[in-house]
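Each residue takes its place number in the sequence, starting with 1.
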Amino acid sequence: QDSAAVRSIYSLKGRNGAKPLAICLGDVERLYRYCHVNVPDELLRDLLPGPVTLVLQRSEELNKDLNPFTSLVGVRIPNHSFVRDLARACSGPLALTSANISSQGSTLTVSEFQDLWPQLSLIIDGGPIGDIWSPECRLGSTVVDLSVSGKFSIIRPGCALTPTVEILRQKYGLVLESS
């Protein structure tokens, strides 16, 4: 929710300002404050926490400087107790992105982004965020746009594509829309 912090993330990563940042929350209940949800609560709970980013219509509650060029926002609730506890401890959502320079591979441990350390105010080692030996873990989260009622589109296949699509199609009857 802090505009200077959002600008700082883009600068640190060398990230194109048109590429949106996601938000991180500790619990599904908090998602309703920052997003307009048009899917059943049970669907959210089937996918979150987990390696999925859900793209939904943003609410007026979000800082307008966060992704000002889109009415959508990606929401992550990682299945990592440290990250969830940290998000719960904050009064608002955390801006979320991988700990790397844009277009480089995803990092899973703090030692893997040592080149960024001198530019950071704080580094907390909460442990690996995935199986460091698994190539799938480095694919990042599966990013799914759920902003259109009854439909979904895949923005990034990521590491949980197959189970995510199965849940959306088979359990909830959503239709895959080509992106």
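- Considering only residues two or more places apart in sequence or on other chains, Thr70 meets the side chain to side chain contact (heavy atoms under 4.5 Å, CB included) condition with Asn67, Leu72.
- Counting heavy atoms from C-beta outward, Phe152 and Ile154 have side chains that approach closer than 4.5 Å.
- Here the closest non-hydrogen pair linking Cys159 and Leu139 is N-CB, 4.0 Å.
- For CH2 of Trp133, the number of neighbouring non-hydrogen atoms (other residues, nucleotides, ligands) closer than 6.0 Å is 12 at most.
- Side-chain contact annotation: Thr142 with Thr164, donor-acceptor N/O pair under 3.5 Å absent.
- Taking CD from Glu166 and CG from Leu161, the interatomic distance works out to 9.5 Å, rounded to the nearest 0.5 Å.
- Side-chain contact check for Ser141 versus Arg156: some heavy-atom pair is nearer than 4.5 Å.
- Minimum heavy-atom separation, Ala4 to Asp2: N-OD1, 3.1 Å.
- Looking at residues two or more places apart in sequence or on another chain, you find no side chain to side chain donor-acceptor pair (under 3.5 Å) involving Gln119.
- The side-chain heavy atoms of Leu66 and Val6, taken from C-beta on, include a pair separated by under 4.5 Å.
- If you take CD1 on Ile124 and CG on Leu86, they are separated by 6.0 Å, rounding to the nearest 0.5 Å.
- A side-chain donor-acceptor contact under 3.5 Å links Ser3 and Asn63.
- Annotation: side chain of Cys35 is not in contact with side chain of Ser59 (no heavy-atom distance under 4.5 Å).
- Partners of Val39 under the side chain to side chain contact (heavy atoms under 4.5 Å, CB included) rule, at least two apart in sequence or in another chain, are Val37, Leu43, Leu44, Leu146.
- Taking a cutoff of 4.0 Å between a charged side-chain nitrogen and a carboxylate oxygen, Lys171 and Glu42 qualify as a salt bridge.
- The heavy-atom pair separating Ala160 from Val52 by the smallest distance is CB-CG2, 4.3 Å.
- Leu168 has its side chain within reach of Leu47: a pair of non-hydrogen atoms, C-beta onward, lies under 4.5 Å apart.
- Annotation: side chain to side chain contact (heavy atoms under 4.5 Å, CB included) contacts of Arg30 (sequence neighbours excluded): Leu25, Tyr34.
- Counting only residues at least two apart or in different chains, salt bridge (charged side-chain N to carboxylate O under 4.0 Å, His left out) contacts with residues 88-104 comprise Asp27-Arg88, Asp85-Arg88.
- At least one donor-acceptor pair under 3.5 Å links the side chain of His80 to the backbone N or O of Pro128.
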inquiry  = With side-chain contact (heavy atoms from CB on, under 4.5 Å) as the criterion, how do Leu56 and Asn38 come out once you've worked through the C-alpha distance, each side chain's angles and the decisive distance to 0.1 Å?
reply    = CA-CA 8 Å; Leu56 299 163; Asn38 61 348; 4.2 Å; yes
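- Clustering ILVMFWY residues whenever any of their side-chain heavy atoms sit less than 4.5 angstrom apart, transitively, puts Phe113 in a cluster other than the one holding Leu122.
- Under a hydrophobic-cluster definition in which Ile, Leu, Val, Met, Phe, Trp and Tyr are linked whenever side-chain heavy atoms come within less than 4.5 Å, directly or via other members, Ile9 and Leu62 are assigned to the same cluster.
- Applying the salt bridge (charged side-chain N to carboxylate O under 4.0 Å, His left out) rule to pairs touching residues 6-24 yields nothing, sequence neighbours excluded.
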task = Could you go through the side-chain contact (heavy atoms from CB on, under 4.5 Å) check for Val143 and Leu54 one step at a time?
result = CA-CA 6 Å; Val143 182; Leu54 300 181; over 6 Å; no
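- Side chain to side chain, Tyr32 and Asp41 meet the donor-acceptor criterion of an N or O pair below 3.5 Å.
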ask   = Where do Tyr10 and Asn16 land on the side-chain contact (heavy atoms from CB on, under 4.5 Å) test, with the steps shown first?
value = CA-CA 7 Å; Tyr10 277 99; Asn16 176 338; over 6 Å; no
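- In the hydrophobic clustering of this structure, Val110 does not group with Leu94; members are Ile, Leu, Val, Met, Phe, Trp, Tyr whose side-chain heavy atoms approach within less than 4.5 Å, directly or through other members.
- Of the possible donor and acceptor atoms, none in the side chain of Trp117 sits under 3.5 Å from a partner among the backbone N and O of Ser111.
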task = Output, in order, the C-alpha distance, side-chain angles, deciding distance and verdict of side-chain contact (heavy atoms from CB on, under 4.5 Å) for Val73 and Leu21.
result = CA-CA 8 Å; Val73 67; Leu21 294 173; over 6 Å; no
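- Val144 and Leu96 are members of different hydrophobic clusters when ILVMFWY side chains are connected at heavy-atom separations under 4.5 Å.
- Across Cys24 and Pro78, no two heavy atoms sit closer than the pair SG-CD, 3.7 Å.
- Residues Val83 and Leu116 are members of separate hydrophobic clusters, defined by side-chain heavy-atom contacts under 4.5 angstrom among Ile, Leu, Val, Met, Phe, Trp and Tyr.
- Using a 4.0 Å cut-off between a side-chain N of Lys or Arg and a carboxylate O of Asp or Glu, Arg33 and Glu60 do not qualify as a salt bridge.
- The CD atom of Gln114 sits 8.5 Å away from the OG1 atom of Thr109 when rounded to the nearest 0.5 Å.
- Checking Gln57 against Ser71 by side-chain atom types alone, a donor-acceptor pair falls below 3.5 Å.
- Counting all heavy atoms, side chain and backbone alike, Gln1 lies closest to Glu61 at NE2-O, 2.8 Å.
- At least one side-chain heavy atom of Ile77 sits less than 4.5 Å from a side-chain heavy atom of Arg84.
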